Amino acid sequence: MNSSEEKQDLVDRRYLRMARIWAENSYCIRRKVGALIVKERMIISDGYNGTPTGFENICEDEEGQTKGYVLHAEANAITKVAQSSNSSKGATLYTTASPCLECAKLIIQSGINRVVYGEEYRVTDGIELLKRAGISTVYLLVD
């Protein structure tokens with residue numbers, strides 16, 4: 001790795017650790033996921049998995065299954081930036097888990113051109129779609 005690649009790797013690891021800390025805000029029991037959208041070294045949005053605004057902060061039903069209306073961290077970050085004056089075009093999304101297919105579609109449509117994730121989910125169709133769309137994907141294990 002050259003010095004530029006080493007610097008990018010260091011920055012990626014830091015933002016991914018920050019996304020992991022942000023995931024701690026989630027009320028979900030089964031899995032806590034965090035996401036940050038970064039553009040020009042500035043965090044322009046953040047998100048974690050949870051229920052929509054105005055709903056109770058309970059993500060699982062009585063059987064312990066995730067409720068169908070729980071939003072993923074990536075979707076929360078993307079919809080949050082959409083409500084701001086910022087643009088996600090050309091940004092990097094840092095997420096603690098690889099995006100699902102539905103979030104991958106949102107990522108493509110939002111103009112994000114790079115995704116860094118720290119955990120591979122058992123289903124990889126989201127990552128495959130991102131690659132097909134020409135979006136750079138980076139899998140990083142972070143301490």
Side-chain angles (χ1 to χ4, degrees), residues 1-2 4-61 64-143:
M1 245 191 283
N2 65 38
S4 175
E5 291 170 330
E6 286 176 6
K7 186 176 181 182
Q8 184 63 59
D9 182 68
L10 186 64
V11 168
D12 286 345
R13 290 177 185 283
R14 286 179 179 150
Y15 280 124
L16 205 48
R17 284 195 306 269
M18 291 171 71
R20 188 183 296 156
I21 290 167
W22 201 245
E24 294 172 13
N25 288 311
S26 173
Y27 288 91
C28 296
I29 296 167
R30 290 181 64 210
R31 181 185 194 112
K32 295 178 184 298
V33 179
L36 299 174
I37 299 176
V38 177
K39 187 171 180 179
E40 298 168 5
R41 303 230 188 237
M42 186 170 43
I43 298 170
I44 61 169
S45 191
D46 54 63
Y48 51 87
N49 57 327
T51 57
T53 303
F55 283 67
E56 75 290 346
N57 287 321
I58 300 169
C59 299
E60 292 83 9
D61 62 21
Q65 297 300 308
T66 301
K67 294 177 181 176
Y69 55 85
V70 168
L71 289 158
H72 289 183
E74 305 94 323
N76 265 326
I78 290 168
T79 55
K80 190 173 179 179
V81 77
Q83 293 179 30
S84 74
S85 60
N86 289 313
S87 169
S88 54
K89 188 171 181 66
T92 298
L93 173 77
Y94 293 89
T95 182
T96 57
S98 58
C100 71
L101 186 61
E102 292 303 312
C103 288
K105 290 188 253 181
L106 292 174
I107 291 165
I108 293 165
Q109 290 301 99
S110 69
I112 291 169
N113 64 8
R114 188 166 177 268
V115 174
V116 179
Y117 60 100
E119 180 186 327
E120 287 194 310
Y121 192 60
R122 59 183 166 75
V123 181
T124 60
D125 53 358
I127 292 295
E128 291 164 14
L129 184 65
L130 292 174
K131 289 178 180 177
R132 185 172 165 202
I135 293 173
S136 170
T137 60
V138 179
Y139 171 49
L140 278 181
L141 290 172
V142 179
D143 304 337

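If you read the sequence from its start, that first residue is 1, and numbering goes on from there. Remember, predicted model here, so these are calculated numbers, not experimental data.
Counting heavy atoms from C-beta outward, Val70 and Lys67 have side chains that approach closer than 4.5 Å. By the 4.5 Å heavy-atom criterion applied to side chains, Thr92 and Val115 are not counted as neighbours. For the pair Ile29/Cys59, no side-chain contact is recorded, criterion being any heavy-atom separation below 4.5 Å from C-beta on. Put simply, the side chain of Arg13 reaches to within 4.5 Å of the side chain of Asp9, judged on heavy atoms. By the 4.5 Å heavy-atom criterion applied to side chains, Glu74 and Tyr94 are not counted as neighbours. Side-chain atoms of Leu93 and Leu36, non-hydrogen and from C-beta on, never get closer than 4.5 Å to each other.
Applying the side chain to side chain contact (heavy atoms under 4.5 Å, CB included) criterion to Leu101, with sequence neighbours excluded, gives Lys105, Asp125, Leu129. Ser26 meets the side chain to side chain contact (heavy atoms under 4.5 Å, CB included) test with Cys28, Lys32, Tyr48, Asn49; sequence neighbours excluded. Residues forming a side chain to side chain contact (heavy atoms under 4.5 Å, CB included) with Arg31 (at least two apart in sequence, or on another chain): Val33, Ala97, Glu119, Tyr121. Qualifying side chain to side chain contact (heavy atoms under 4.5 Å, CB included) partners for Cys100, counting only residues two or more places apart in sequence or in other chains: His72, Glu102, Cys103.
The local environment of CD in Gln109 is sparse, with at most 12 non-hydrogen atoms from other residues, nucleotides or ligands closer than 6.0 Å. Atom CD of Glu40 sits in a sparse spot, with 12 or fewer heavy atoms from other residues, nucleotides or ligands closer than 6.0 Å.
Rounding to the nearest 0.5 Å gives a distance of 9.5 Å between CD1 of Ile127 and CD1 of Ile135. To the nearest 0.5 angstrom, Asn113 atom CG is 12.0 Å from Ile108 atom CD1. Here NZ of Lys39 is found 10.0 Å from CD1 of Ile112. Values are rounded to the nearest 0.5 Å. Note that the OG1 atom of Thr95 and the CH2 atom of Trp22 stand 14.0 Å from one another [nearest 0.5 Å].
Among residue pairs with one or both ends in residues 128-141, those qualifying as side chain to side chain donor-acceptor pair (under 3.5 Å) are Thr124-Glu128; sequence neighbours excluded. Pairs passing the side chain to side chain donor-acceptor pair (under 3.5 Å) check and including a residue from residues 79-89, sequence neighbours excluded, read Asp46-Lys80.
The heavy-atom pair separating Ile78 from Ser110 by the smallest distance is CG2-CB, 4.0 Å. Annotation for Ala23 and Gly34: closest pair CB-N, 3.3 Å, computed over non-hydrogen atoms. What you find for Ser45 and Ala77 is that their closest heavy atoms are OG-O, 2.7 Å.
When Leu140, Ile37, Val38 are each tested for a side-chain contact (heavy atoms from CB on, under 4.5 Å) with Tyr15, only one passes: Val38.
In this structure, Thr51 contributes its side chain and Glu56 its backbone to a donor-acceptor pair below 3.5 Å.
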Evaluate Asp12 against Gln8 for side chain to side chain donor-acceptor pair (under 3.5 Å), listing each step before the verdict.
CA-CA 6 Å; Asp12 286 345; Gln8 184 63 59; 2.8 Å; yes
